Enquirer: 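I am attaching a structure below and will ask some questions about it afterwards.
Letters A, B, ... are given to chains in the order of the sequence lines, protein chains preceding strands, and every chain is numbered from 1. Please read these numbers as outputs of a predicted model, since none were measured by experiment.
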Amino acid sequence: MKRFTLVVGLVLVCSVVLTALVSLVWTPFDPIRVVAADALLKPGWPHLLGTDAFGIDIVSRLMIGAQTTLQVGIIAVSIAAVVGVPLGVLAGQGSGWVSEVVMRASDVVYAFPALLLAILFAAAFGGSTWTAMAAIGIATIPAFARVARAGTLHVMASDYVLAARSCGTSRMGIAVRHVMPNIAPLIGVQASVAFATAILAEAGLSFLGLGTRPPTPTWGRMLRDAQNLLFGDPLQSLWPGLAIALAVLGFNLLGDGLRDYLDPQLREVS
Amino acid sequence: MIRRVGARLGILAASLLAASVLIFVVCSALPGDVASVILGEGATPDQLATLRHQLGTDRPLPVQYLSWASGMLQGDFGRSYLSGDSVASLLGPRLAVTFWLVTFSLILALLVALPTGMYAALRRRHWDGFIATALAQIGMAIPAFWAGLLLVAVFAVGLHWLPANGYVPFAEDPGSWAAHLVLPVLALGLIQGAMLTRYVRSAFIDVLNEDYFRTARAVGWTQGRAMVRHGLRNASLSLVTVLGLQLSSVLVGAIVIESVFALPGLGTMLLQVVTQHDLQVVQGTVMFLVAVVLVVNALVDVSYLIIDPRLRGERE
């Protein structure tokens with residue numbers, strides 16, 4: 001049971017990654033070309049999940065959608081981690097006012113949920129994959145800063161840091177040699193959970209028509225198209241949503257599983 | 001204690017200021033001339049200059065920011081360059097729709113999360129507790145707008161029990177008002193409830209490890225009774241914070257849900273002005289939403305200081 005979460009998470013995440021990789025070189029049908037004659041076919045052969053209103057194979061579109069999902073997740077989480085972690089470590093190591101300024105700034109950014117920031121960016125610069133990734137990334141910085149700060153405070157209170165300090169190791173040296181390796185697992189867990197949130201935010205944006213532009217298929221966009229067909233062909237709304245939910249579930253479980261695996265003390269709590 | 005409350009309100013003011021600068025900078029980042037957009041291709045330089053002067057866009061950016069910010073302090077969130085309507089007059093009539101959606105969703109989320117989370121905490125070593133946790137995990141993975149689509153597919157398209165979309169004001173027809181809100185609230189509230197369940201569960205697991213809980217059990221109280229009498233009160237403290245933090249995710253969820261159900265709320269309006277590139281209104285609306293989140297979270301913190309003597313800290 002203890003490993004159950006981790007294994008299910010890993011399997012789900014790996015299948016999304018694998019799907020995206022395969023779709024780079026092969027999809028069953030052309031994921032973009034309109035074939036009017038094949039519009040709205042029911043699930044069957046050769047279109048396993050049927051076709052959409054433009055006669056495009058749904059399986060192929062879902063596979064390409066995995067690419068966008070992963071791309072947005074990877075870039076957004078990287079932005080958040082690269083900015084947030086050093087800030088958090090700085091706040092954890094620094095004097096009172098540095099910590100206060102960093103944390104208050106992160107509180108302000110925290111009041112901008114990813115989706116709202118992305119809508120603001122879309123209004124100012126026009127919606128695209130890039131505004132989505134930037135907005136989600138920036139909105140996620142506080143989460144990383146908080147985790148990194150909490151971890152740093154914990155490490156800084158330890159005896160080995162005291163020893164390093166008494167040997168005259170610089171702050172930077174302590175940060176690189178002691179703090180970073182010790183908080184790395186925490187950051188890994190946070191990254192996995194943030195990935196799940198990023199996928200949800202991107203899906204919401206694409207659903208609103210403010211994310212990745214057509215014709216590139218995304219899961220959120222597919223749901224937007226499916227909404228118009230809800231009365232005639234409700235099955236169309238099922239597949240992209242299922243893909244989003246499974247991907248999000250995968251990253252959430254992976255994060256939870258990693259945390260339990262890395263920190264036995266926490267197994268009980270969450 | 002008064003000093004602490006004062007300090008918290010000072011932080012709130014600084015946060016509002018920082019947020020407004022951030023929003024203004026993003027909205028003014030791209031050089032674009034509103035005047036030439038309004039007047040179109042054939043405008044003479046004179047006409048353009050006059051309009052720019054009227055709109056105030058010929059002033060330097062810091063001056064424009066100050067006039068926007070000082071207006072907001074007096075309740076004026078700006079004016080649309082395109083339609084001439086004030087942002088406040090656009091927000092006003094739509095506020096009620098979003099307010100009801102968000103409030104009912106939060107209530108539903110609590111009604112779902114409290115029992116589920118408590119049960120999951122009590123039975124955490126049993127299969128039924130595991131199922132409660134797993135359900136919450138699955139609910140968290142489902143985008144609220146997809147839940148909305150599925151609910152429409154089942155209850156509106158399939159069973160014809162409820163309207164698929166649209167809105168009727170309460171004053172016009174209370175029954176129809178409620179019917180139109182059921183599916184959006186279910187979609188948003190259930191998904192939010194799943195997220196909340198996790199917090200409730202870990203808050204109660206903390207309580208289960210406390211001495212007072214063990215004492216209550218030792219004197220013969222049932223688990224359920226000890227949980228409700230002692231657990232609920234102690235856990236409620238951390239839950240109020242979480243609820244405050246959840247407000248921003250419910251607000252954002254409401255924006256998307258409104259678009260699924262064609263509810264004429266703030267979210268629908270925001271998306272409309274985003275597509276029209278009416279930046280003045282975008283700026284005012286986003287500021288309004290962010291201000292709501294910041295103010296509510298400050299109130300949560302202040303209410304804490306009043307409720308919980310432990311937080312008042314050492315004598316100042």
Enquirer: With chain A as the partner, which of B/Leu270, B/Val282, B/Val154, B/Ile11 has the greatest number of non-hydrogen pairs under 4.5 Å?
Expert: B/Ile11

Enquirer: Please report the closest heavy-atom contact between B/Leu279 and A/Ala123, naming both atoms and the distance.
Expert: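 So the two residues come closest at CD2-O, 3.6 Å.
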
Enquirer: Under a 4.5 Å cutoff for heavy-atom pairs, which residue among A/Asn252, A/Leu242, A/Leu205 has the most contacts with chain B?
Expert: A/Leu242

Enquirer: Under the criterion side-chain contact (heavy atoms from CB on, under 4.5 Å), I'd like the reasoning laid out for B/Phe130 against A/Phe4: C-alpha separation, chi angles, the key distance, then a yes or no.
Expert: CA-CA 12 Å; B/Phe130 175 74; A/Phe4 179 71; 3.8 Å; yes

Enquirer: Please round to the nearest 0.5 Å and tell me the distance separating atom CG of A/Leu200 and atom CH2 of B/Trp146.
Expert: 11.5 Å

Enquirer: Atom CG of B/Leu289 and atom CZ of A/Phe112: how far apart are they, to the nearest 0.5 Å?
Expert: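 Rounded to the nearest 0.5 Å, the CG-CZ separation comes out at 10.0 Å.
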
Enquirer: Can you name the closest pair of heavy atoms from A/Val248 and B/Met140 and give their distance?
Expert: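 Heavy-atom minimum between the residues: CG1-O, 4.3 Å.
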
Enquirer: Can you tell which part of B/Leu150 gets under 4.5 Å to a heavy atom of chain A, answering side chain, backbone, both or neither?
Expert: side chain

Enquirer: When you look at B/Val260 and A/Phe207, which way does the side-chain contact (heavy atoms from CB on, under 4.5 Å) test go after all the steps?
Expert: CA-CA 9 Å; B/Val260 174; A/Phe207 179 73; 3.4 Å; yes

Enquirer: Contact part of B/Leu247 toward chain A, heavy-atom cut-off under 4.5 Å: side chain, backbone, both or neither?
Expert: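 The answer is neither part of B/Leu247.
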
Enquirer: If you count heavy-atom pairs under 4.5 Å with chain B, which of A/Leu238, A/Ile244, A/Leu117 comes out on top?
Expert: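 Answer, by heavy-atom pair count under 4.5 Å with chain B: A/Leu238.
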
Enquirer: Can you tell which of A/Ala245, A/Gly220, A/Gly241 has the highest number of heavy-atom pairs within less than 4.5 Å of chain B?
Expert: A/Gly241

Enquirer: To the nearest 0.5 Å, how far apart are CZ in B/Phe261 and CD in A/Gln227?
Expert: 9.0 Å

Enquirer: In this structure, are over 12 heavy atoms from other groups packed under 6.0 Å from B/His126 atom NE2?
Expert: yes

Enquirer: Could you walk me through whether B/Val293 and A/Tyr110 pass the side-chain contact (heavy atoms from CB on, under 4.5 Å) check?
Expert: CA-CA 10 Å; B/Val293 172; A/Tyr110 203 76; over 6 Å; no

Enquirer: Find the distance between CD1 (A/Ile119) and CD1 (B/Ile255) and round it off to the nearest 0.5 Å.
Expert: 4.5 Å

Enquirer: Counting heavy-atom pairs closer than 4.5 Å to chain A, which one of B/Leu16, B/Ile142, B/Ile23, B/Leu294 comes out on top?
Expert: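 Top option by heavy-atom pairs under 4.5 Å: B/Ile23.
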
Enquirer: Mark yes or no for whether B/Gln137, through its side chain, and A/Leu253, through its backbone, hold a donor-acceptor pair below 3.5 Å.
Expert: no

Enquirer: For A/Leu230, is it the side chain, the backbone, both, or neither that has a heavy atom closer than 4.5 Å to a heavy atom of chain B?
Expert: both

Enquirer: Checking side-chain contact (heavy atoms from CB on, under 4.5 Å) for the pair A/Asp107/B/Ser15: CA distance, chi angles, key distance, verdict?
Expert: CA-CA 8 Å; A/Asp107 278 353; B/Ser15 310; 5.6 Å; no

Enquirer: When rounded to the nearest 0.5 angstrom, what distance separates CG in B/Leu149 from CG in A/Leu229?
Expert: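 Between atom CG of B/Leu149 and atom CG of A/Leu229 there are 11.0 Å.
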
Enquirer: What part of B/Leu208 lies closer than 4.5 angstrom to a heavy atom of chain A: side chain, backbone, both or neither?
Expert: neither

Enquirer: Flag yes if more than 12 heavy atoms outside B/Tyr199 fall under 6.0 Å of its OH atom; otherwise flag no.
Expert: no

Enquirer: Specify the closest pair of heavy atoms between A/Ala124 and B/Cys27, including all atoms of both residues, with the distance to one decimal.
Expert: CB-CA, 4.4 Å

Enquirer: Name the member of B/Ala134, B/Gly253, B/Ala19 that forms the most heavy-atom pairs with chain A at distances under 4.5 Å.
Expert: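 Answer, by heavy-atom pair count under 4.5 Å with chain A: B/Ala19.
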
